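Taking it in order: structure first as structure tokens, then the write-up.
Residue numbers run from 1 in the order of the sequence given. As the structure lists them, so they are numbered: ligands from 1, and atoms in each ligand from 1. Quick caveat: nothing in here was measured; it's all calculated off a predicted structure.
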Amino acid sequence: MRHPLEVWKFGGASLADAAAIRKAAELATGHPGPLVIVASALAGVTDLLLGGAHAAVSGDTRQASRVAAAFLVRHRKIARELLPAGAQRRALLAAIDAAAREYRELCAAVAVLGHLAPRASDMLVARGERMSATMLAAVLTASRRRAVYADALRIVATDDEHGGAAPDVAETTRRAQRVLRPLIAARRLPVVPGFIGTAPDGTVTTLGRGGSDLTATLLARALGARQVVLWKDVPGILTADPRLVPDARLIPHLHHREAAEVAHYGAKVLHSRALIPIAGTRIVLRVRSFIDTERPGTEVSARRSDQTHPVKALAIVRNQAIVTVAGKGMAGVHGIAARTFGAVDAERLSVSTIFQASSESSIGFTVPDAEAARAVRAVGGAFQGELASGLIDNVSARAGMAVIAVVGDGMVGTPGVAARVFSSLAAASLNVVAIAQGSSERNISLVVREADAPEAARRIHAAFQLSKIGGGRPLATPRTDVVFLGFGRVGRALADQIAGPNDPRIRVIGVLDRSGYVFEPRGLSGRRLQDLAREKDRGALVASLGGQAAPAGEALTLMASHAVSRPVVVDVTGDETGDLLRTALGHGFDLVLANKKPVAGSWESYASLMAASAAAGRTIRYEATVGAGLPIIDTYKKLVETGDRVLRIEGTVSGTLMYVVSAISAGKPFSTAVREAVAQGYAEPDPRDDLSGRDAARKVLILARLMGYRGPAPAPDDLTPPALRKLPLDQFLARLPEVDAEWAARTRREAARGRVLRYIVAATPRGVSARLIAVPADSPIGALHGTRNLISFTTTRYRKEPLIVSGPGAGAEVTAAGILNDIYSLSASAHGY
Ligand code: ADP
Ligand code: ASP
Ligand code: MG
């Protein structure tokens, strides 16, 4: 054979939609030598299938049916886009129908049982990979390459640990040779579903999340391939998860051993056991960019690796609990470690790290948070006697931890590595809960509090200058990928402003509304955005504009599963989006809000949003919630950063109310002023949201919270006539002239005293207010007109004469400008990837 055999795996993100599958097929067709292809499920499909099955367990079969329908629609659409009408397409569509139907039926059975055993779950979820591999084989065959679907169930032999099975290498080798060799010899291209296999009793198993990496290395070993290529939507293996460490860089080369450590500690880029089949062989593994297919990616091989960086990578495992067995009498108890891990093993718990204090008075290990209770029970059971006699004090778990593993071959024999890790953390006052040095001396792992993990990782990354690895080239032009939550007036104005100058730093990759989403990982074109905006103006919803129907949380999960760059969710809804925003933060999105509700609700919900952002190492900006385009929060922050103390913030914050009160001071009837504010697009859809003072109250609450105020929003002065508060909007507007005379009289009375009415809010660290007040007509606030707002900051430095920010304070355009400014600030603070 002229060319050596290679095994290629296409990850989920590389098989997201028709265009991606076509690209994968082209790559494979263009490769001259023999290939075996391993396919993951389409991006997000495994999560989707699992989600439906879990809903079914709790009796929600409607959700399971929705999932089956989504699965069907997504695969059918791709099949239609990729295959010409004909027998082949019909066969594929029939297979898709059958898979969706079976899924629905299995979920119905699960709902009746009220229980989802791992074996049932594996059977359900297997159709994700089987379907994508079937499609890819069909597409390849329809092009020039003769491909054939080769079912993993006939090839990959595993043990019976459903949900996380271990392969039987010898048996898999025999089967792979028997099934695949003849195909390769006949110049066929086998496409094998990743992730799945068969237990000795013939049932379907899965290799654990991310398992197609392992399928690929397993087949490479079984067939004696020269090289395994894992095509992913990251440039390769990076020095750290780029979502947590923005400075992360591509590692050009790692030794098998180093990559194994990175994988073992759960860096999502490689399945934890993916390196096991090829360790000690000459097989080269490459992790390559599916986006930029020219670049070489990371080589993992048996070659000695670059020794200039003793540390090469950090892996961060989140949501861990540390379980400790402690007691002063422990030194005298026989075989503590053996019994502890015997108990853990019997429960089949996956321990990631083991810690032993030098005093021998405690031993600890970490397990996923969700398994902590089970671990404590199992270990407690093993030491019942010692606990009763007091030789062991207790077995306990501490949740909310993260493990950071610092990995590199060069650590052996480089003195002071541990010291450097710990001093970098100490300098930032980050507390280390526990430490373990791996027996191989190729890694140091430490446990920190979950909330400290992103900062700790960034500190260690900097301490070892990991951003200089491989020449330190940033991974790509820094880009900020924007997802719109909501696409109303403000969203559309923002889309126009982004599309205008065509700035390569900012791309809109997704738009969500209540119907669903559109998503384009390579960026929606300016034209497409404008088309969407025009159709939305006519009342259409994005799901019907070439998008997909899905709940927003699911859409964000899908988008996050792609290698998006510095992703930002922009909330331009008027909804209670707190839960969704926390989901977004957890997926690594920064947030820019124009929506006040998430930051102006209860103190608890505000604090939990801020805590979620700190825990995820993300940033929230919300300038547009207060002053539309005016830099109010920004001014506040700059004052504080330079050591000033803000004592009081006061002024007008509602462009709408300003428009109304200044128009009536100029002699217009109240009803006319309100109607004009609506017609000009200054007011909320129902102007009573502004007139009631509720909107102004929210803004002042946001300002007061910056200053440390924890109390409730003020009870605002309400300008809506009490008799008209509950009427439908049209009747409200029709009857508004009833109050014109009263307002005119009041305005005249104040004018006679040289005063005008203004709606003024005030915030201090201890209180908030929102009132309609008469002020001197020649004061700065009295002289305002139109939608102009004015905010004054009284501070320690600006005590006698407050610092003033003033300008137009309402309208979609200026609000969009405020949001854009927040997006630019985020992108300016981003580095590299
Ligand atoms: P696949 O499509 O093959 O399943 P994955 O999505 O499992 O690929 O792996 C890529 C993801 O792993 C990236 O989105 C990235 O955020 C994450 N990741 C975590 N740690 C690293 C790292 N050290 N290097 C590269 N990617 C990482
Ligand atoms: N589709 C499976 C998962 O999402 C396996 C894989 O992608 O490797 O975990
Ligand atoms: Mg994966």
Side-chain angles (χ1 to χ4, degrees), residues 8-16 20 24 38-51 121-122 125-133 152 163-164 192-197 206-218 228-251 254 258-259 261-263 265-274 285-291 297-298 300 312-318 404-407 457 461 466 469 475 521 557-567 587-589 833:
W8 284 10
K9 181 210 104 156
F10 291 103
S14 323
L15 299 174
V38 173
S40 292
L42 309 188
V45 162
T46 305
D47 285 327
L48 183 77
L49 295 175
L50 287 174
S121 169
D122 282 355
V125 84
R127 64 209 66 234
E129 265 66 16
R130 299 181 82 185
M131 217 53 256
S132 66
V192 185
F195 182 50
I196 58 175
T206 61
L207 304 170
R209 295 308 303 270
S212 349
D213 294 340
L214 178 53
T215 307
T217 53
L218 196 58
V228 190
V229 181
L230 307 179
W231 295 97
K232 306 209 176 217
D233 66 352
V234 275
I237 301 178
L238 309 178
T239 50
D241 189 334
R243 288 158 212 237
L244 293 178
V245 182
D247 264 359
R249 292 291 186 269
L250 177 70
I251 309 172
L254 283 174
E258 295 171 308
E261 302 264 1
V262 169
Y265 285 99
K268 183 183 174 241
V269 64
L270 285 176
H271 180 275
S272 64
R273 286 172 281 138
L285 176 130
R286 277 182 189 284
V287 180
R288 293 187 60 180
S289 167
F290 184 70
I291 309 209
T298 300
V300 179
K312 294 207 188 64
L314 309 180
I316 303 141
V317 201
R318 314 190 72 174
I404 301 183
V406 181
V407 175
H461 198 266
L466 294 187
I469 246 176
L475 297 175
T557 306
L558 168 77
M559 294 179 190
S561 74
H562 285 69
V564 287
S565 161
R566 285 299 294 209
H587 283 313
F589 287 91
Y833 187 70

How many angstroms lie between atom [atom1] of [X] and atom [atom2] of [Y], to the nearest 0.5 angstrom?
X: I469; Y: D247; atom1: CD1; atom2: CG; answer: 12.5 Å
X: K232; Y: S40; atom1: NZ; atom2: OG; answer: 7.5 Å
X: T206; Y: L214; atom1: OG1; atom2: CG; answer: 11.0 Å
X: R130; Y: R127; atom1: CZ; atom2: CZ; answer: 7.5 Å

Regarding ligand 1, does [X] bring an N or O atom to under 3.5 Å of one of the ligand's N or O atoms?
X: D233; result: no
X: L238; result: yes
X: K9; result: yes
X: I237; result: no

Next on the checklist: Need the ligand 2 atom indices (1-based, order shown) with element for anything under 4.0 Å from a heavy-atom of G210.
Outcome noted: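 Near G210, meaning under 4.0 Å from one of its heavy atoms, ligand 2 has 3 (C), 5 (C), 6 (C), 8 (O), 9 (O).
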Checklist entry - Which of the atoms in ligand 2, numbered in the order shown and given with their element, are less than 4.0 Å from a heavy-atom of R209? => result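 With R209 as reference, the close atoms of ligand 2 come out as 3 (C), 4 (O), 9 (O).
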Checklist entry - Would you call the rings of F10 and W231 parallel, tilted or perpendicular if under 30° counts as parallel and over 60° as perpendicular? => result parallel
Checklist entry - Given the rule in the side chain to side chain contact (heavy atoms under 4.5 Å, CB included) test, do E129 and T46 qualify, once you have shown the distances and angles that lead to the verdict? => result CA-CA 8 Å; E129 265 66 16; T46 305; 4.2 Å; yes
Item to check | Non-hydrogen side-chain atoms of D122 and I196 separated by less than 4.5 Å | outcome: no
Checklist entry - Hey, are the side chains of L466 and R249 touching, using non-hydrogen atoms and a 4.5 Å cut-off? => result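 No, side chains not in contact.
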As an exercise, identify every atom of ligand 1 less than 4.0 angstrom from a heavy atom of [X].
X: K268; result: 5 (P), 6 (O), 7 (O), 9 (O), 12 (O), 19 (C)
X: G11; result: 1 (P), 2 (O), 3 (O)
X: G12; result: 2 (O)

Next on the checklist: In this structure, does ligand 2 have an atom that sits under 4.0 Å from one of the heavy atoms of G128?
Outcome noted: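 The answer is no: ligand 2 sits nowhere under 4.0 Å from a heavy atom of G128.
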Checklist entry - Quick one: does G194 get a heavy atom under 4.0 Å from ligand 2? => result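 Checking ligand 2 against G194, which is what was asked, there is no heavy-atom contact under 4.0 Å.
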Checklist entry - Ignoring hydrogens and geometry, is there a side-chain-to-backbone donor-acceptor pair from T298 to I237 under 3.5 Å? => result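 The answer is yes, because a donor-acceptor pair under 3.5 Å joins these two groups.
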Among all protein heavy atoms, pick out the one at the shortest distance from [atom]; state its residue, atom name and that distance to 0.1 Å.
atom: atom 5 (C) of ligand 2; answer: E129 OE2, 3.4 Å
atom: atom 6 (C) of ligand 2; answer: S212 OG, 3.0 Å
atom: atom 7 (O) of ligand 2; answer: S40 OG, 3.4 Å

Item to check | ligand 2 to F195 polar contact by distance, N or O atoms, under 3.5 Å | outcome: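 Such a contact does not occur with ligand 2.
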Checklist entry - Should D47 and R209 count as an ion pair when the cut-off is N to O under 4.0 Å? => result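 Answer for the salt bridge query: yes.
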Would you please determine whether [X] falls within less than 4.0 Å of ligand 1 on a heavy-atom basis?
X: S14; result: no
X: L230; result: no
X: G210; result: no
X: P235; result: no

Would you mind telling me if ligand 1 is within reach of the side chain of [X], the backbone, both or neither, using heavy atoms under 4.0 Å?
X: A240; value: backbone
X: D241; value: both
X: K232; value: side chain

Next on the checklist: Walk me through whether L238 and V269 qualify under side chain to side chain contact (heavy atoms under 4.5 Å, CB included).
Outcome noted: CA-CA 9 Å; L238 309 178; V269 64; over 6 Å; no
Checklist entry - Could you go step by step and tell me if R318 and D241 meet the side chain to side chain contact (heavy atoms under 4.5 Å, CB included) rule? => result CA-CA 12 Å; R318 314 190 72 174; D241 189 334; over 6 Å; no
Next on the checklist: Would K9 and T215 count as a side chain to side chain contact (heavy atoms under 4.5 Å, CB included) here? Give the steps.
Outcome noted: CA-CA 9 Å; K9 181 210 104 156; T215 307; over 6 Å; no
